[in-house]
*Asks:* 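Dumping the structure here so I can ask a few things about it.
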2 protein chains.
Amino acid sequence: MSDITKRKQEILATIIERYIATGEPVGSKAICADMNNAVSSATIRNDMADLVELGLLEQPHTSAGRIPSQAGYRYYVDNLMTTYEIGIDEQERIKIWLQSFSGEPDKLLEKAGSILAELTNCVAVSSSPSDSEAFIKRIELVPLSEHTAMIVLLATSGILRSSVVRSDSAINVDIAEVFYNICQTYFNGRNVSDISLSFIQTLVASLGDKVFVMSPFLCAISDLCEAVKTTEIHLQSPNNILNHTELSEDAFRLMDFLHRSTPLENMLSSQKKTLNVVIGSENSYRELRNSTTIFSKYSVGDRESGSIGIIGPTRLDYARLIPSIKYLAGIIGTMLTETLDE
Amino acid sequence: MSDITKRKQEILATIIERYIATGEPVGSKAICADMNNAVSSATIRNDMADLVELGLLEQPHTSAGRIPSQAGYRYYVDNLMTTYEIGIDEQERIKIWLQSFSGEPDKLLEKAGSILAELTNCVAVSSSPSDSEAFIKRIELVPLSEHTAMIVLLATSGILRSSVVRSDSAINVDIAEVFYNICQTYFNGRNVSDISLSFIQTLVASLGDKVFVMSPFLCAISDLCEAVKTTEIHLQSPNNILNHTELSEDAFRLMDFLHRSTPLENMLSSQKKTLNVVIGSENSYRELRNSTTIFSKYSVGDRESGSIGIIGPTRLDYARLIPSIKYLAGIIGTMLTETLDE
DNA sequence: AGTTAGCACTCACACAGAGAGAGTGCTAAC
DNA sequence: GTTAGCACTCTCTCTGTGTGAGTGCTAACT
């Protein structure tokens with residue numbers, strides 16, 4: 001692959017950039033003009049034929065211009081692209097805009113996602129920080145009425161989860177005390193992965209006559225631990241899919257795909273690198289075979305605990321989008337880490 | 001309008017029901033068969049011509065069958081339709097399914113919405129109970145870390161809202177006490193609409209040296225009161241829009257419309273009746289000119305405080321959907337009222 | 001050997017005409 | 001008021017033609 005002449009690389013880059021901008025197949029004449037007539041269109045045609053041979057370009061039909069193949073985009077992203085960083089003032093604006101949500105990871109990610117969707121005109125997807133190694137930092141019981149209370153669980157990963165519990169018996173100071181005692185003894189400081197159903201069951205067995213009052217609360221805690229471990233997926237502007245005509249055939253299937261969290265989750269958890277640009281059929285899900293996904297992990301503390309990125313067509317302005325996504329992932333990580341430090 | 005002969009009504013109903021089932025224009029022969037050849041196709045043609053004249057039917061083109069006009073649907077819904085109640089066992093299943101979410105109105109509505117979307121194959125929309133006449137029932141401060149705390153506000157409308165606050169000074173018992181004192185004196189039992197920015201400002205002025213510590217909390221309370229008043233819109237399965245080919249032209253605009261809460265909110269708040277069936281261009285929003293919206297209000301206590309319903313094409317199985325929506329609205333109301341009573 | 005001009009060729013697209021089929025509107029008889 | 005019969009209308013599909021963009025190939029040139 002690396003034995004492609006400089007000129008062929010230039011031609012490839014020109015075709016890709018022009019195609020990204022216009023969405024139309026690029027002919028030899030147009031390239032010729034873009035290259036200031038350095039060589040004739042016939043020469044370019046010869047080179048293009050070679051690039052098709054190599055699988056980097058495609059022809060929609062015999063007498064059309066060329067469009068990049070998925071391998072072509074891959075070569076471009078890996079070897080040819082020069083990235084454009086996002087402007088400093090824009091960076092500053094985003095930072096200020098996000099600052100106010102730094103206390104609540106989910107809200108922060110939703111906001112970041114909607115900024116990203118706006119910026120890229122694509123669907124933005126983010127996963128909340130999930131960390132099965134997280135510990136329970138704190139559990140609080142917030143009485144709401146005689147028979148209902150809210151249980152709030154804060155994990156060391158910075159994730160905050162809450163749920164409302166109903167109890168048949170009145171929730172009074174005594175019960176709260178029992179609750180906090182149990183938390184202190186059995187939950188606080190414990191790894192969320194330890195709180196299995198069987199753990200709760202053995203715990204319940206040891207409670208004696210408090211079991212009936214306590215069990216709904218303990219079940220809630222178990223659920224909340226589960227929720228802390230579970231990656232929450234945030235989807236922003238799914239309708240942006242419809243902006244891209246090249247995806248209109250897949251639109252229906254894609255929409256359906258986007259609205260199911262499990263595959264998205266699997267997709268994200270299978271990504272190993274910090275920045276993942278997955279083009280077309282490189283994606284393991286068939287629904288994404290005509291799409292590109294660009295995701296960057298963000299780090300909370302020293303752990304890469306979540307991702308943010310986009311799903312769009314393969315025809316994407318990679319050179320601009322990749323830096324934007326990197327920037328957002330970076331700033332999310334920083335903010336979440338700062339909040340965690342206290 | 002009421003001077004339409006019995007037979008014409010029967011023809012109209014047959015056309016509408018057949019068109020709802022098949023989506024294809026209905027010809028005189030087909031109706032003839034559906035009516036057991038009680039009259040000849042020629043007679044039906046004569047009657048159909050009259051129904052077109054009256055604006056209840058339309059012809060896509062001269063030599064096609066007839067389809068219902070929007071006015072035709074209206075006439076059908078108002079005068080001809082016989083509704084099909086949802087099955088008892090299905091009712092029971094839904095009830096059990098929803099029960100577990102009765103403590104959290106927003107989750108309950110989301111769940112109900114997703115059931116409705118599944119049931120109807122349409123987009124489900126619901127608004128959380130909003131009530132500007134609600135009072136503050138309770139405010140709790142939940143310390144999370146040295147500098148952050150969660151503020152939980154429960155309103156008499158059953159709505160629960162929370163937000164995380166950062167404070168520059170450490171959040172200790174003293175501060176909590178001051179906080180609860182302020183709540184007791186100024187907030188608890190007060191109408192959420194009273195908590196304006198100017199109210200907070202005068203309150204802040206009277207705080208003396210506690211002002212710097214308290215102001216982020218007070219601002220949060222103000223925001224939460226605002227959030228209690230604000231109708232929260234839940235959208236379920238927006239991609240169901242794409243299931244309906246007759247809306248494919250509007251799909252893009254509709255999707256966009258659905259993802260902005262404000263118009264949806266306006267639409268819902270402008271509906272006066274308990275059950276609102278708004279067909280096609282009866283909708284005040286242009287985006288909905290080819291859609292039907294069916295919404296039912298649900299009552300919490302004795303106030304109609306929110307809505308649930310669907311947005312779909314005008315070609316809808318009104319006879320089945322209307323009872324389903326009524327049923328869901330009813331059960332939501334019952335559940336929310338029960339939770340509130342305690 | 002690499003580059004270029006020239007030209008025939010290919011293919012998608014847009015438009016037009018023909019044939020088929022569904023369903024109508026009208027007329028005249030019942 | 002109802003019905004049978006029939007010409008008529010309009011959509012849809014298929015086919016054919018013309019156009020234009022862009023190619024691939026060949027032969028000449030540097």
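In what follows, chains carry the letters A, B, and so on, assigned in the order in which the sequence lines appear, proteins first and then strands, with residues in each chain numbered from 1.
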*Asks:* Paired with C:dC30: which nucleotide, if any, by Watson-Crick or G-U wobble criteria at under 3.5 Å for both distances?
*Replies:* D:dG1

*Asks:* Generate the contact string for nucleotides 21-30 of chain C. Rules: B means base contact, S means sugar-phosphate contact only, - means no protein heavy atom under 4.0 Å.
*Replies:* -BSBB-----

*Asks:* May I ask you to say whether B:Asp89 pairs ionically with B:Arg93, meaning some side-chain N is under 4.0 Å from a carboxylate O?
*Replies:*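 Between B:Arg93 and B:Asp89 there is no salt bridge, as every charged N stays at least 4.0 Å from the carboxylate O atoms.
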
*Asks:* Just compare C:dT4, D:dT2, C:dC11 and give me whichever is closest to any side-chain atom of A:Ser40.
*Replies:*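 Nearest nucleotide to the side chain: C:dT4.
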
*Asks:* Given atom CZ of A:Arg18 and atom C1' of D:dG22, what is their separation to the nearest angstrom?
*Replies:* 14 Å

*Asks:* Using whole Å, what does the distance between atom P of nucleotide D:dT11 and atom CD of B:Glu24 come to?
*Replies:* 16 Å

*Asks:* Could you tell me if the side chain of A:Met48 sits less than 4.5 Å from the side chain of A:Ile15, heavy atoms only?
*Replies:* yes

*Asks:* Is the shortest side-chain N/O distance from A:Arg7 to OP1 or OP2 of C:dT3 below 4.0 Å?
*Replies:* yes

*Asks:* Tell me the partner of D:dT13, counting only Watson-Crick (N1-N3 plus N6-O4 or O6-N4) or G-U wobble (N1-O2 and O6-N3) with both under 3.5 Å; none if nothing fits.
*Replies:* C:dA18

*Asks:* Does atom NZ of B:Lys29 have more than 12 heavy-atom neighbours from other groups under 6.0 Å away?
*Replies:*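 Counting neighbours around NZ of B:Lys29, 12 or fewer heavy atoms of other residues, nucleotides or ligands fall under 6.0 Å, so no.
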
*Asks:* Would you indicate whether the side-chain heavy atoms of B:Leu268 and B:Phe295 approach each other to under 4.5 Å?
*Replies:* yes

*Asks:* Measure from NE2 on B:His61 to P on D:dC10 and round the result to the nearest Å.
*Replies:* 9 Å

*Asks:* With a 4.5 Å cut-off on side-chain heavy atoms, are B:Glu249 and B:Asn290 touching?
*Replies:*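 Heavy-atom side-chain distance check fails, nothing below 4.5 Å.
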
*Asks:* Report the distance from atom CE of B:Met35 to atom C1' of D:dT2, rounded to the nearest whole Å.
*Replies:*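 The answer, rounded to whole Å, is 13 Å.
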
